[in-house]
There are 2 protein chains.
Amino acid sequence: MGRKIEIKKIEDIIKRQVTFSKRRSSLLKKAKEIAISCDVDVLLVAFSPANRLSKFCSQNRIEDILQRYIELPIERKLTYVN
Amino acid sequence: MGRKIEIKKIEDIIKRQVTFSKRRSSLLKKAKEIAISCDVDVLLVAFSPANRLSKFCSQNRIEDILQRYIELPIERKLTYVN
DNA sequence: AGGTCTATATATAAGGG
DNA sequence: TCCCTTATATATAGACC
């Protein structure tokens, strides 16, 4: 997107914040779109290094989604995708 | 993207699943990119209507991020963006 | 469910206000 | 920080395998 960049930590704090602001809104939009189009509940949380809750999104209340997650059997929780 | 569409629930289940699969991988990629570029921890959870945990992503363990969320004071949790 | 292709829509880096 | 512009990179709908 735009000029080609390598995905790595942006060291300049100003540029990093600008990029975060832009990408956050796009990510949020995409999360909303998939939630609506595909009829799924989506939760999105971002924590800054200072442990500040930057943003989240869900169709319903975040606590309901968290509760559903917490109640899942462990073997279904552990499908990591990192 | 591709042919223009309106964002609403895709009624055809086959098309809905195909779209979910495509958009899920893109969303996951974007979440990973913002996590790296902007040095934030990101959590992404999607629940299907059948309450199945479809996917999630985080830099660290999801439980650590959830725990941080749970420990936040309530007034900081309630910055809804829906 | 996964993979490929193509045309088109969207996202976004860089820069300026 | 937010709002624009422009050039370019990426995402994706539809079709097919």
Side-chain angles (χ1 to χ4, degrees), chain A residues 1-59 68-69 72-73 75-82, chain B residues 1-59 72-73 75-82:
Chain A
M1 345 54 164
R3 315 302 153 78
K4 188 156 197 173
I5 55 153
E6 184 192 356
I7 299 299
K8 61 176 182 182
K9 179 178 173 181
I10 298 167
E11 295 300 337
D12 182 273
I13 189 168
I14 303 301
K15 287 181 63 178
R16 192 165 70 237
Q17 286 172 339
V18 169
T19 296
F20 181 67
S21 175
K22 288 179 175 181
R23 282 178 173 267
R24 180 182 54 187
S25 61
S26 301
L27 193 60
L28 190 66
K29 183 181 174 191
K30 291 290 184 189
K32 289 179 183 177
E33 287 181 353
I34 197 173
I36 294 170
S37 300
C38 304
D39 196 30
V40 293
D41 287 337
V42 175
L43 164 64
L44 187 59
V45 182
F47 277 98
S48 74
N51 216 30
R52 194 169 64 81
L53 178 66
S54 298
K55 191 74 79 173
F56 73 81
C57 157
S58 81
Q59 280 192 293
R68 272 199 281 164
Y69 177 79
L72 275 186
E75 63 272 16
R76 288 179 58 197
K77 289 181 182 177
L78 294 176
T79 50
Y80 287 92
V81 193
N82 286 321
Chain B
M1 347 55 166
R3 315 302 151 79
K4 189 156 195 172
I5 54 152
E6 185 191 354
I7 299 299
K8 60 177 182 182
K9 180 179 172 181
I10 298 167
E11 296 299 336
D12 182 274
I13 189 170
I14 302 300
K15 287 181 62 179
R16 192 163 71 236
Q17 286 173 339
V18 169
T19 296
F20 181 68
S21 175
K22 288 181 175 180
R23 282 178 173 267
R24 179 182 55 187
S25 61
S26 299
L27 192 61
L28 190 67
K29 183 181 174 189
K30 291 290 184 188
K32 289 178 182 178
E33 287 181 352
I34 198 174
I36 294 170
S37 299
C38 304
D39 196 30
V40 293
D41 286 338
V42 175
L43 164 64
L44 186 58
V45 183
F47 277 97
S48 73
N51 217 28
R52 193 168 65 81
L53 179 67
S54 297
K55 192 73 78 174
F56 72 83
C57 157
S58 81
Q59 281 194 291
L72 274 186
E75 62 274 15
R76 288 180 57 197
K77 289 181 182 177
L78 294 177
T79 50
Y80 286 91
V81 193
N82 285 321

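A note on names: the letters A, B, ... follow the listed sequences, proteins ahead of strands, and every chain is numbered from 1.
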Legend entry - Per-nucleotide protein contact string for nucleotides 1-9 of chain C, where B marks a base within reach and S marks sugar-phosphate only (heavy atoms under 4.0 Å, - for neither): ------BBS

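Residue Glu11(B) comes nearest to Arg16(B) through the heavy atom pair O-NH1, 3.3 Å, listed as atom of the first residue, atom of the second, then distance. Of all heavy-atom pairs spanning Thr19(A) and Cys38(B), the tightest one is CG2-SG, 3.8 Å. Ile34(B) and Val40(B) get closest at one heavy-atom pair: O-CG2, 3.7 Å. Across all non-hydrogen atoms, the minimal contact from Ala46(B) to Val42(A) is CB-CG2, 4.2 Å.
One can place CG of Leu27(B) at 11 Å from P of dA11(D), the figure rounded to the nearest angstrom. Atom P of nucleotide dT10(D) and atom NZ of Lys29(A) are separated by 18 Å, given to the nearest angstrom. Atoms CD (Glu33(A)) and C1' (dA11(C)) sit 11 Å apart, rounded to a whole Å.
A close approach under 4.0 Å does not occur between any side-chain nitrogen or oxygen of Arg23(B) and OP1 or OP2 of dA11(D). In this structure, Lys30(B) does not reach the dT10(D) phosphate: none of its side-chain N or O atoms is under 4.0 Å from OP1 or OP2.
Listed in residue order, the members of residues 5-13 of chain A having a heavy atom less than 4.0 Å from DNA chain C are Ile5(A).
Here the straight-line distance linking atom CG of Leu44(A) with atom NZ of Lys30(B) works out to 13.5 Å at 0.5 Å rounding. Rounded to the nearest 0.5 angstrom, Ile36(A) CD1 and Asp39(A) CG are separated by 10.5 Å.
Distance alone, capped at 3.5 Å, is enough to place a donor-acceptor pair between the Ser25(A) side chain and the Lys22(A) backbone.
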